[in-house]
Amino acid sequence: MNPVRVRFAPSPTGPLHIGGVRTALFNYLFAKKHNGQFILRFEDTDSARYVAGAEEYISKSLDWCGIKPDEGVNIGGAYGPYRQSERKEIYFKYVKQLVEKGYAYYAFDTSEELEKKRKEYESRGMTFTYNAAERNNLLNSLSLSAEEVEKKLISGFPYAIRFKMPVDEELVFEDVIRGRVMVNTDTLDDKVLFKADGMPTYHLANVVDDHLMKISHVIRGEEWLPSLPLHVLLYRSFGWEAEMPEFAHMPLTLKPDGKGKLSKRDGDLGGFPVFPLSWTDTKTNKVSKGYKESGYFPEAFINIIALLGWNPGTTQEIFSMDELIRTFSLEKVGKAGARFDPDKAKWFNHYYLQKQDIGELATSFSEILKKKGIDAEDNYVRQVVELIRERADFVSGFWDQGHFFFKPPEEYDPKIVKKIWKEDTPGIMKELKQILLNIKTTEFSAGNTEEKVKRWINDKELGMGKVMNPFRLSVVGALKGPRLFDIIALLGKEKTLQRIDLALERNKK
């Protein structure tokens, strides 16, 4: 096998979508698996759709994900420049070769003339296509004399350069994921390779760049599969067939219900992000939350998207980046669309939350507490986190899971009170308070309080629920949270007794 060189070539027309990150990841994994090079190239030939800040956003997103390019924009390399807008002269040289060899031609039709043609066909219930059947009837260098063409070029008449699609040829080529693909050229149109504004289209630029940058494999989304016949023909027309890369077209990333391609709107409606980092729309100033800002760990995010369309062939679901590199192969990427599951995404993040350093989690939670005006001692916050993190999917969920460690209940759910706070409950709570009072402050540990309280319950034959539910309600304000005796051990004797008194006062019948 030749040295593996793959590229991720996004267009800086907006933020990087989940599908784009997956394309970058699969290219990166393939490169690292084969000790190859992963290149970041920006295909910014569409100046009308260029969005300021998109390039920087894409680079920062890849960095957060841990997808590190070996070559590319802001990195360098032997095959630069890595922005297509900086390679314009290169493309013109190659497209001229195609014209000279008869594989492409000058098209002088204006957009207004083509639009008129489309409407004319529509009025007859037909679809206009600029192809082999029509090109000799249109304003181009195939229908005009050499003198007329030369005159237009010298006068500076605007033109595009189109590929001259072969007539009635059966194209057969292989795709690593799709297998054998067959297309008849009569079903294809004469695509524009070079636009009137002096910029190449994606079709020309990506083929030329991939060849000059010695790309060995083109791994990209399924949406580019219809363009593959043209790209194969371009390699053939340039005489580069022997060096043509292998192609692999990945399946679409689908909506949670599996019906259609995942979009930003689906994320907005479903309440989940579709971008790795937050993005502010330059036109509306609307902020779309990213996975990072939503509290996801990059390891979890990578794990989520790695399994979108790729199946390791085992029951393993949790993969580190190193494990993904060792296990990944294009042969295990499926053809069918991959449904994105927001709930599964949370499951992954929950797993990685449990693996995070407790000190780092405590520091993050302390920042949340400070925003709420709570200044807690570091070791105390650490102990709280140790008790509650098992119940949380995100650090942002720590407050909901453990607010009662920092302030007494402000209210009690009336439905729960009605259900568990019976006529004899105040008396039982007062007896419980006396049991706790008799325990020395220095011995107010989870084990010691549990042993004494449960012995009292058994001796009195009260039943656990009759005591423990109102006890938990008094301390927490709800029937939730970690083991109750762990909670009161951390709160301490004084605060525990104060909360029983508070519950007795507020729940008087």
Side-chain angles (χ1 to χ4, degrees), residues 350 365-366 368-377 380-439 441 444-509:
H350 176 86
F365 189 30
S366 290
I368 293 172
L369 293 172
K370 284 173 184 173
K371 289 177 181 177
K372 294 180 178 293
I374 298 170
D375 190 12
E377 194 265 327
Y380 182 78
V381 176
R382 184 188 181 100
Q383 291 179 77
V384 171
V385 170
E386 285 178 336
L387 289 178
I388 65 174
R389 71 167 170 176
E390 224 177 83
R391 292 168 167 76
D393 294 328
F394 305 96
V395 172
S396 59
F398 284 174
W399 176 252
D400 183 57
Q401 295 296 332
H403 57 86
F404 46 85
F405 283 105
F406 303 96
K407 58 187 213 175
E410 294 178 351
E411 57 183 20
Y412 306 90
D413 189 324
K415 290 182 180 178
I416 295 175
V417 172
K418 184 177 180 181
K419 184 178 180 182
I420 69 169
W421 200 274
K422 305 300 183 182
E423 285 186 16
D424 58 349
T425 299
I428 291 172
M429 288 297 100
K430 287 173 184 176
E431 282 190 55
L432 171 63
K433 180 184 173 185
Q434 192 58 49
I435 297 296
L436 297 174
L437 268 169
N438 291 336
I439 301 172
T441 302
F444 206 79
S445 64
N448 197 33
T449 54
E450 182 173 12
E451 188 271 324
K452 286 183 168 53
V453 169
K454 287 187 175 179
R455 187 195 306 159
W456 165 68
I457 292 172
N458 289 329
D459 290 346
K460 297 282 287 187
E461 297 182 350
L462 292 170
M464 284 295 172
K466 197 173 184 66
V467 176
M468 296 305 292
N469 282 339
F471 187 15
R472 181 176 288 277
L473 182 68
S474 301
V475 173
V476 175
L479 299 183
K480 68 173 188 177
R483 288 180 68 252
L484 184 54
F485 293 102
D486 288 333
I487 296 173
I488 66 170
L490 193 50
L491 285 173
K493 180 177 177 178
E494 184 181 350
K495 288 182 179 178
T496 300
L497 296 174
Q498 286 173 355
R499 293 192 183 191
I500 293 175
D501 286 338
L502 185 64
L504 287 167
E505 177 64 29
R506 291 186 178 175
N507 294 304
K508 287 179 179 177
K509 294 291 184 180

Mind listing the closest non-hydrogen atom pair of [X] and [Y] along with its distance?
X    : Y    : answer
V475 : F404 : O-CB, 4.2 Å
F365 : W399 : CE1-N, 3.7 Å
P408 : L502 : CB-CD2, 4.1 Å
L504 : M429 : CD2-CB, 3.8 Å
S445 : A489 : C-CB, 4.0 Å
Q401 : A392 : CG-CB, 4.3 Å

Might you confirm whether atom [atom1] of [X] has over 12 heavy atoms from other residues, nucleotides or ligands at distances under 6.0 Å?
X    : atom1 : result
E461 : CD    : no
K480 : NZ    : yes
K466 : NZ    : no
E431 : CD    : yes

Just so I know, are the side chains of [X] and [Y] near enough to count as touching, which here means a heavy-atom distance under 4.5 Å?
X    : Y    : value
N448 : F485 : no
N438 : K452 : no
I388 : P482 : yes
L436 : F444 : yes
Q498 : E494 : yes

Where the side chain of K493 meets the backbone of L437, is there a donor-acceptor pair that is under 3.5 Å apart?
-> yes

With distance as the sole test, does R391 use its side chain to make a donor-acceptor pair with the main-chain N or O of G481 at under 3.5 Å?
-> yes

Can you tell me how far apart [atom1] ([X]) and [atom2] ([Y]) are? Round to the nearest 0.5 Å.
X    : Y    : atom1 : atom2 : answer
M468 : I420 : CE    : CD1   : 11.5 Å
R483 : I488 : CZ    : CD1   : 10.0 Å
Q383 : D486 : CD    : CG    : 10.5 Å
S474 : W421 : OG    : CH2   : 4.0 Å
R499 : I487 : CZ    : CD1   : 9.0 Å
I457 : M464 : CD1   : CE    : 4.5 Å

Take V476 and F471 through the side-chain contact (heavy atoms from CB on, under 4.5 Å) test and state the conclusion after the steps.
-> CA-CA 9 Å; V476 175; F471 187 15; over 6 Å; no

For the residue pair F406 and Y380, categorise the inter-ring angle as parallel (less than 30°), tilted (30 to 60°) or perpendicular (more than 60°).
-> perpendicular

Side chains of K454 and N458, donor plus acceptor under 3.5 Å | no

Please step through side-chain contact (heavy atoms from CB on, under 4.5 Å) for the pair F405 and L387, ending with a clear verdict.
-> CA-CA 11 Å; F405 283 105; L387 289 178; 3.8 Å; yes

Start with the C-alpha distance between R382 and E386, add both sets of side-chain angles, then the distance that settles side-chain contact (heavy atoms from CB on, under 4.5 Å), and finish with yes or no.
-> CA-CA 6 Å; R382 184 188 181 100; E386 285 178 336; 4.2 Å; yes

